[in-house]
Amino acid sequence: MNDIRQLAQYSPSGIEEKWYGAWEKAGLFSPDESLKADPFVITLPPPNVTGILHMGHCLGNSIQDTLIRWARMKGHPTLWVPGTDHASIATEQVVSRQMAAAGTPKREAGREVFLEKAWEWKEETHGRITQQIRRLGCSLDWSREAFTMDEQRNRAVVEAFVRLKDAGLIYRDVYLVNWCPHDLTAISDDEVEHKEVEGHLWHLRYPLAEGEGHVTVATTRPETMFGDVAVAVHPEDPERKHLIGQLVKLPLTDRVIPIIGDHHADPEKGTGFVKITPAHDPNDFEVGRRHGLDQVICMTPAAVMNEAAGQFCGLDTAACRKATVEAMDQAGLLAKVEKHMHQVGHHDRCGHVIEPYLSKQWFLKMDELAAPAVEAVNSGDITLFPDRWVGVYHNWMSNIRDWCISRQLWWGHRIPVWYCQDCPAEIAAAETPTRCPACGSAQLVQDDDVLDTWFSSWLWTFSPLGWPDKTPDLATYHPTTVMVTAADIIFFWVARMVMASYHFLGEKPFQEVLFTGIVRDEDGRKMSKSLGNSPDPIDLIDEYGADALRCSLIMLTPTGQDIFFSEATLEVGRNFCNKIFQASKLVLGIWDEAGLPQVVGEATAPRTLDLATVAGTDRWETAPAASLTDLWQGVFGGKLPVQVTDADLGLEDRWILSRLSQVVSDVGQNMDKRRLNDAAYDVFNFFRHEFCDWYLEAIKPRLRDEQTQGVALAVAVLNLGISYKLLHPVMPFITEELWNWLPCTSGYLMTSSYPTSSGPAPFTNDHRLFEEVKEIVGVVRNVRNELAVPPGKRGTAILRVPDQARLDQLTPCIGLVALLAKMEEVQVVVGGADPSPAGAGLAGNIEIFLPMKGLVDLDKERARLEKELGKIEGWMKGCRAKLGNAKFVDNAPEQVVQQQKDLLAENEDKAVKLRERLDALQD
RNA sequence: GGGCGAAUAGUUCAGUUGGCUAGAGCGCCUGCUUUACACGCAGGAAGUCGCAGGUUCGAGUCCUGCUUCGCCCACCA
């Protein structure tokens, strides 16, 4: 038999691929449209097709798949749409570099050849990236996969552009844009990254045209002086305003420029005189417009000086800067040089310094689009988790500026505008026009530029569903449910998606946004492809398994907090996988040995599973066998294949069933609150520290006894089954595999019910009693360990209780205590003599003695008891002070006061007993 | 210049409406190869909750100020 149960340790190899293929083949990734509940929809933030997945993607994708699988099991028609992004600049850079390396730079090869290469590259990397996503286990509906530049998405982009153009929201203007001299394209404000750099502030003298004297301007970029068209002073500057209207000679040129008055000049800053360079500085651009000044461009798009720079023509900006300063110095016009720290914009893609550059670009008017987007978040129509991002969102929206959407690139959506060569007409059209509508000319030339990548991304909640066509998908699955993304693209993307959806569809794009943290390396740096500090997820999956990776990421990542990733954290997930496997192996092995059936009937389990409804809360107490039978049927569909009577359910059975019910309820609440880490921890702790550590240990003797094994097995299998269900969204592969091994299961776990609990947990009293057993066992173990009793030495434990009622209650538990504490015998007594010499401890009001003639080191025991007593007395002092404070007693809620009183009484009792023990040891 | 986040055990982090005798994973110490698991089990040590004030019967939690680290936004005189 090819049975993974024969493995010594869990190994995911083979299992993960097997199930992914099976799920996909069975069509489980597509929404089940027969379900009546509201659809649950996510569009995957499309990874850049040029990239590979990094840990940030793994986190985001794990969170999304967890939500998706959870919703699917809960019975929602569930759709997660995959896709990739063409990543205009990033791809263009990669392909250009490859072509240059191959000896045919892109500009030599031309647009057609370049695009051919780019598509080839895209096909290649696309396969790699989707493979990575599959390995992670993401249950995406691949039949609906989209690419931002595929035919349908291209239609969406063109349609969006044309509609906005027709609505007058898109305009073309000569404007000072952020220009990358390296990539030779305009970029948007959001793509500029400000970095603090140490530069210089050069004080330059510009001689007055008439008479003696000069004005001194300060600049960080002396090379731009060849674009100067004026010098500004503040109009009310008492020391300098008299110069307004005079002319100065622009050094190193033969030009003469005026001194003008403008508020932009700050008398307190620099020298009080500002050189005005409208073509190369955003502020100066505004000043220039106000004063109707010329715009003198002194450099080329590649940041090389042009004819305006006279003798320096042909130098790049850095060389020109040096030469200009030297020339000014020689001319005696360099007044001063200061070191100067300042913020300089860099291109976030290539790192080159951005030049403000005057060029003709397409812009999108934003303020009109922003209004409904602001309102949606204000009104709570769209919620952001964590909500601190609301402020960031509004701040950006209220300072919004027009979006420069054209890029001087080739890889992207070509701007759907044609220029008539015979008249000034501009034609924006979804279909390539053949004739100019104004003059009838056939001489039409399409705009050379492409659109910003984000111009396709901002349509991403609806373009993958078929917009602009009125498709059934669009009608059924939009608005989407949740958008999961890192907060670093809140402006680039999230905010713009909200605008696009309201503008084009008149509805929100999603109900909520879940911002993930950023995954950082151990030095705190953001993991990214460019830094090369992210491990390849495939390597990690090969070594630890996708389940382990997902489990570790989800458990260790509180909503929206950045995480420091190190490989060691993956061991948590891997070890947990093994734990689940081992516990299952134990139970299933005994099930087999017992000869119990693997399959019972053909019954199919119901699609929903509410523990409180199926088994009842009160009925558990009065008719536990019936409840257990019904719960089995609710989980597995078929009939419980073991005989069970009410009396067969032991204390540990009732306790674990109570805990199970509580955990189901806790997990549900945490999932609802999007606290995925807490939800995962709930199941983790339950499974490892309650089910394995206590329940399985407690039932081991029953499992080996043919008379009693049936019910213990049934309860254990139920716990396994429900645990797999709770764990499946986080760890899909191992749970599906083990579900398949479980007796009596049919169908896929992935599309089985998700347990909920609409009522309180049953067995309140049994739960309390078992917790007491745990405490007693803990005390015995502690005493044994601290007194270094050899493990082989079993002996007797005496539990001294205050009255007959407690004796009656605890007597049935002595077997459990003996088993779990590894004692030979456990006795319960009321009063009676001190069994000294003995090690002793307290569990509530129960005194616990381990009589050990000659074995106990009296000094050690005394020290131990004194330490314990000291702790209790210290606490009681504080507690008495609190209760002695009238204000506390008067003001605090009665419940809190009572709780303090109870605790004090309990501890006082403990202290008395500890002192008695100490006295007894004096002899 | 404006804003946000973080600061809790050696370390990475939980701690949700103030009620805490502050928890977990990893690491550390002790013991255990107990026929599911050493990727394990049992036990243990370990914290002035960044600092200073304040509100409150009560503060890790709320308020004010400060320090350190990180991030975002902002027109490069």
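Lettering of chains follows the sequences in order, A, B, ..., and the numbering in each one begins at 1. This one's a predicted model, so the numbers in the text were calculated from it and none came from an experiment.
Using a distance-only test at 3.5 Å, with no hydrogens or angles considered, a donor-acceptor pair links the side chain of A:Asn578 to the main chain of A:Tyr10. At least one donor-acceptor pair closer than 3.5 Å links the side chain of A:Asn891 to the backbone N or O of A:Lys887.
For the pair A:Lys579 NZ and B:G40 C1', the interatomic distance rounds to 6 Å; values are reported in whole Å. In this structure, A:Tyr393 places its OH atom 18 Å from C1' of B:G3, rounding to the nearest Å.
Closest contact between the side chain of A:Asp678 and the listed nucleotides B:C37, B:A36, B:A14 involves B:A14. Looking at the side chain of A:Arg388, the nearest of the listed nucleotides B:C4, B:C57, B:A36 is B:C4.
Judged by distance alone, the side chains of A:Ser552 and A:Tyr544 never bring a donor and an acceptor atom under 3.5 Å apart.
Nucleotides B:U61 and B:U56, compared at atom C1', are 13 Å apart to the nearest Å. On the C1' atoms, B:U16 is 35 Å away from B:G1, given to the nearest whole Å. Using C1' as the reference atom, B:A45 and B:G27 are 13 Å apart when rounded to the nearest Å. If you take atom P in B:G50 and the same atom in B:U8, they sit 6 Å apart, rounded to whole Å. Taking atom P on both nucleotides, B:A38 is separated from B:U34 by 11 Å, rounded to a whole Å. Here the separation of B:G54 from B:C13, taken at their P atoms, is 32 Å to the nearest Å. To the nearest whole angstrom, the two C1' atoms, one in B:C4 and one in B:A74, are 15 Å apart.
As judged by a 4.0 angstrom heavy-atom cut-off over every strand, A:Arg574 is placed among the base-contacting residues. Using a 4.0 Å heavy-atom criterion, one finds that A:Cys692 contacts the bases of the nucleic acid, with or without backbone contacts as well. Residue contacts for A:Lys585: at a heavy-atom cut-off of 4.0 Å it reaches the sugar-phosphate backbone alone, with no base atom in range. At a threshold of 4.0 angstrom between heavy atoms, the contacts of A:Glu697 include nucleobase atoms, whether or not backbone atoms are also involved. In this structure, A:Arg784 reaches neither bases nor backbone, as no heavy-atom distance under 4.0 Å exists between it and the strands shown.
Checked for salt-bridge contact, A:Glu355 and A:Arg221 meet the test: a charged N lies under 4.0 Å from a carboxylate O. Salt-bridge annotation for A:Asp266 and A:Lys269: absent, with no side-chain N of the basic residue lying under 4.0 Å from a carboxylate O of the acidic one. Ion pairing between a basic and an acidic side chain is recognised when a charged N comes within 4.0 Å of a carboxylate O; A:Arg864 and A:Glu861 show such pairing.
One finds a side-chain N or O of A:Lys700 lying less than 4.0 angstrom from the OP1 or OP2 phosphate oxygen of B:A36. Regarding contacts with the backbone of B:C32, every side-chain N or O of A:Lys822 stays at 4.0 angstrom or more from both OP1 and OP2. OP1 or OP2 of B:G15 sits under 4.0 Å from a side-chain N or O of A:Arg675.
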RNA chain B in dot-bracket form (Watson-Crick or G-U pairs under 3.5 Å, [ ] crossing, | inter-strand) is (((((((..((((.....[...)))).(((((.......))))).....(((((..]....))))))))))))....
Restricting both atoms to N or O, compile the protein contacts to nucleotides 70-77 of chain B shorter than 3.5 Å, with distance only.
| unit_1 | atom_1 | unit_2 | atom_2 | d |
| --- | --- | --- | --- | --- |
| B:A74 | N6 | A:Gln343 | OE1 | 3.1 |
| B:C75 | OP1 | A:Arg401 | NH2 | 3.4 |
| B:C75 | O2' | A:Asn283 | ND2 | 3.1 |
| B:C75 | N1 | A:Asn283 | OD1 | 3.4 |
| B:C75 | O2 | A:Asn283 | OD1 | 2.9 |
| B:C75 | O2 | A:Asn283 | ND2 | 2.4 |
| B:C76 | O4' | A:Gln343 | O | 3.1 |
| B:C76 | O2' | A:Thr220 | OG1 | 3.1 |
| B:C76 | N4 | A:Ile354 | O | 2.7 |
| B:A77 | OP1 | A:His340 | NE2 | 3.4 |
| B:A77 | O3' | A:Thr220 | N | 3.4 |
| B:A77 | O2' | A:Ala218 | O | 2.3 |
| B:A77 | N6 | A:Asp266 | N | 3.0 |
| B:A77 | N1 | A:Asp266 | N | 3.2 |

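Around atom OH of A:Tyr175, no more than 12 heavy atoms belonging to other residues, nucleotides or ligands sit under 6.0 Å away.
Expressed to the nearest 0.5 Å, how far CD of A:Glu223 lies from CE of A:Met299 amounts to 5.5 Å.
When each of A:Ser584 and A:Asn782 is assigned the nucleotide of RNA chain B bearing its nearest heavy atom, the one mapping closer to the 5' terminus is A:Ser584.
Exactly one of A:Asp284, A:Asp281, A:Asp228 qualifies for a salt bridge (charged side-chain N to carboxylate O under 4.0 Å, His left out) with A:Lys275. That residue is A:Asp228.
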Protein heavy-atom contacts under 4.0 Å, written 5' to 3' over nucleotides 18-26 of chain B as B (base), S (sugar-phosphate only) or - (none), form the string -B-B--SS-
